[in-house]
Amino acid sequence: MLPRELFRKDPERIRRMLRSRHTEAPLDRLLEVDRQWRDLLTTLEELKARRNAGSKEIGLLFKDGKRDEAEARKASMSRLGDEIKDLEERTSGLEQEVETLELTIPNLLDAEVPEGANEDDNREIRRWGDPPSFDFSCQAHWDLGPALGILDFEQAAKLAGARFAVLRGPGAALERALISFMLDIHTREHGYTEVLTPYLVNSTSLQGTGQLPKFADDLFHIDGHDLYLIPTAEVPVTNLHRDESLDESAIPLRYCAFTPCFRAEAGSHGRDVRGLIRQHQFHKVELVQLTTPWTASDALEQLTGHAEVILQRLDLPYRVMTLCSGDVGFSAAKTYDIEVWLPGQDRYREISSCSNFSDFQARRAHLRYRPAEGGKARLLHTVNGSGLAVGRTLVAVLENYQQQDGSVVVPEVLRPYMGGMELIEPI
RNA sequence: GGAGAGGUGCCGGAGUGGUCGAACGGGGCGGUCUCGAAAACCGCUGACCUUUCACGAGGUCCAAGGGUUCGAAUCCCUUCCUCUCCGCCA
């Protein structure tokens, strides 16, 4: 959510942002409804001021024992009450429309975001590691995994349908090893506090981080309850401090969380239909930082680096992309995507998305801090990113560590987490 | 799921229809005193919205949403949440 004074005083700035994002939003409607709302509100508040004064007088008259005079005043006050009630209904209707509309305006973009229409215009800023060269024809994970007996899509389809997977034996252990490995690095070396949150959240939480009201179709909703399966741990973790004012001395807060994530993938029919890349349910270790306005930008660089460390320790080649204006998500001001090399697909694929949301989520979720030097509470800034998407990391390990005979070498850093296992061979 | 008790400001906790945005205590901030500190004493100390160039003015908020009333933290209804006991369950 953007500050109201911005669209009132500088709507052109928002129009430029929308053009740059190659998107549209009901800004004109918002401006019009906001104008109407404020006009009515002014009138309404005048009436209420009169009622307050009048009621006070009636109270005093009763106190002085002037019953008749008081009763006489009641009649006109009653009419005023009806008038207020009517005007109140219209005013709150307009106010609600303003609130609904402003929730559909995306965040302003950081000045460093390159111009561009879509993902083809994203800019590569660095690369790490060299893609492995195989002297045999390498396989995609959706062939490797089932052949090893550690990955089964058919059984998953029987249980739940398309876009689910069953991991078995060393496959399940590898997933679990990755989760523990990532959490250990982030908590022990990068200073994050691990939290384990609910996997179901209410609509207020989803509005706080920006998934609602605009992206309801991407979510799984629990019938008969105000509860949704989380699409990312970003939602519960960022909302931990919703409606709070933290002490500046506690800032920055760094949280990491392992959760399953659930996505309806409503708009992605036909995309990534094979394999583990795009699932309705997947595991992710998420990094979240709550910072002051001045440190958010550094925090994004730092947090992206924290995610990169995981890939470096696993010796998986990757590159970092700055998303262009047309590809930055609704709530984000700036985003780095980390893309890991997948030999089976002969290309880099997103494995982490790290964003600075400036005060956009904080304004929605009322995340504030009290400055150490005193004064009014200020909005926090939020920064988060995957550290990493676990399923896709498992894919990257399988494909990058495969051998000619179809076995997969276990990366050294994961062996302690897998009872010393060095090689995954067909079951 | 059943029975009961509750949800008030940064915290504790009063307040059952009229100067209540809310007593009192604690905390925090400032001051007096002191070489300094403690203690004591004094003062200040919520958020949001509209309006105004500004000073200021007005409105809203006592879990949330409705209702009664000239007037609601206080009365009524609904929902949510917390706690205790029972049941059930991992």
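Below, chains carry the letters A, B, ... as their sequence lines are ordered, and counting in each starts from 1. Computation of the quantities below employed the complete heavy-atom set of this structure, encompassing side-chain atoms and omitting hydrogens, waters and symmetry-equivalent molecules.
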So, the side chain of A:H269 versus the backbone of A:A266: is there a donor-acceptor pair under 3.5 Å, distance only? yes
Round to the nearest Å and state the distance from [X] atom [atom1] to [N] atom [atom2].
| X | N | atom1 | atom2 | answer |
| --- | --- | --- | --- | --- |
| A:L60 | B:G17 | CG | P | 18 Å |
| A:I84 | B:G71 | CD1 | C1' | 11 Å |
| A:L61 | B:U19 | CG | C1' | 14 Å |
| A:I58 | B:G17 | CD1 | C1' | 14 Å |
| A:K74 | B:G18 | NZ | P | 13 Å |
| A:H225 | B:U79 | NE2 | P | 15 Å |
| A:D243 | B:A64 | CG | C1' | 13 Å |
| A:R79 | B:C70 | CZ | P | 12 Å |

Footprint string (nucleotides 47-61 of chain B, 5' to 3'): B base within contact, S backbone only, - free, heavy atoms under 4.0 Å: SSSBS------BSS-
Span that lies between the [atom1] atom of [M] and that of [N], in whole angstrom:
| N | M | atom1 | answer |
| --- | --- | --- | --- |
| B:C61 | B:G71 | P | 13 Å |
| B:G17 | B:A22 | C1' | 15 Å |
| B:G87 | B:C80 | C1' | 23 Å |
| B:A64 | B:A72 | P | 16 Å |
| B:A3 | B:C10 | P | 35 Å |
| B:A5 | B:G9 | C1' | 23 Å |
| B:C48 | B:C53 | C1' | 23 Å |
| B:C77 | B:A57 | P | 40 Å |

Looking at residues at least two apart in the chain, or sitting in another chain, which of them share a side-chain contact (heavy atoms from CB on, under 4.5 Å) with A:A396? A:L316, A:V340, A:L342, A:N400
Just to be sure I understand: a Watson-Crick pair is purine N1 to pyrimidine N3 plus N6-O4 or O6-N4, both under 3.5 Å. Using that and G-U wobbles, which stems of three or more pairs involve RNA chain B? B:1-7 with B:80-86, B:10-12 with B:24-26, B:27-32 with B:40-45, B:46-51 with B:56-61, B:63-67 with B:75-79
Considering all heavy atoms, the nearest A:L246-A:H241 contact: CD2-ND1, 3.6 Å
Give every residue pair that meets the salt bridge (Lys or Arg N to Asp or Glu O under 4.0 Å) criterion with at least one member in residues 32-47 of chain A, sequence neighbours excluded. A:R8-A:D34, A:R29-A:E32, A:D34-A:R38, A:R35-A:D39
Could you tabulate the donor-acceptor pairs under 3.5 Å formed by side-chain atoms of residues 381-389 of chain A, not counting sequence neighbours?
{"residue": "A:T382", "atom": "OG1", "partner": "A:Q361", "partner atom": "OE1", "Å": "2.7"}
{"residue": "A:S386", "atom": "OG", "partner": "A:S353", "partner atom": "N", "Å": "3.1"}

Mind listing the side-chain donor-acceptor pairs of residues 410-427 of chain A below 3.5 Å, one per line with the distance, residues two or more places apart or on another chain?
{"residue": "A:R415", "atom": "NE", "partner": "A:V410", "partner atom": "O", "Å": "2.9"}
{"residue": "A:R415", "atom": "NH2", "partner": "A:V410", "partner atom": "O", "Å": "3.0"}
{"residue": "A:Y417", "atom": "OH", "partner": "A:D184", "partner atom": "OD2", "Å": "2.6"}

Parallel, tilted or perpendicular, as decided by the 30° and 60° cut-offs, for the rings of A:Y192 and A:H306: perpendicular
Measuring from A:H186:NE2 to A:L287:CG, what's the distance to the nearest 0.5 Å? 4.5 Å
Distance-only polar pair, side chains of A:E286 and A:Y255, donor-acceptor under 3.5 Å: no
Mind running side chain to side chain contact (heavy atoms under 4.5 Å, CB included) on A:I230 and A:L200 for me, showing each step along the way? CA-CA 6 Å; A:I230 56 170; A:L200 293 165; over 6 Å; no
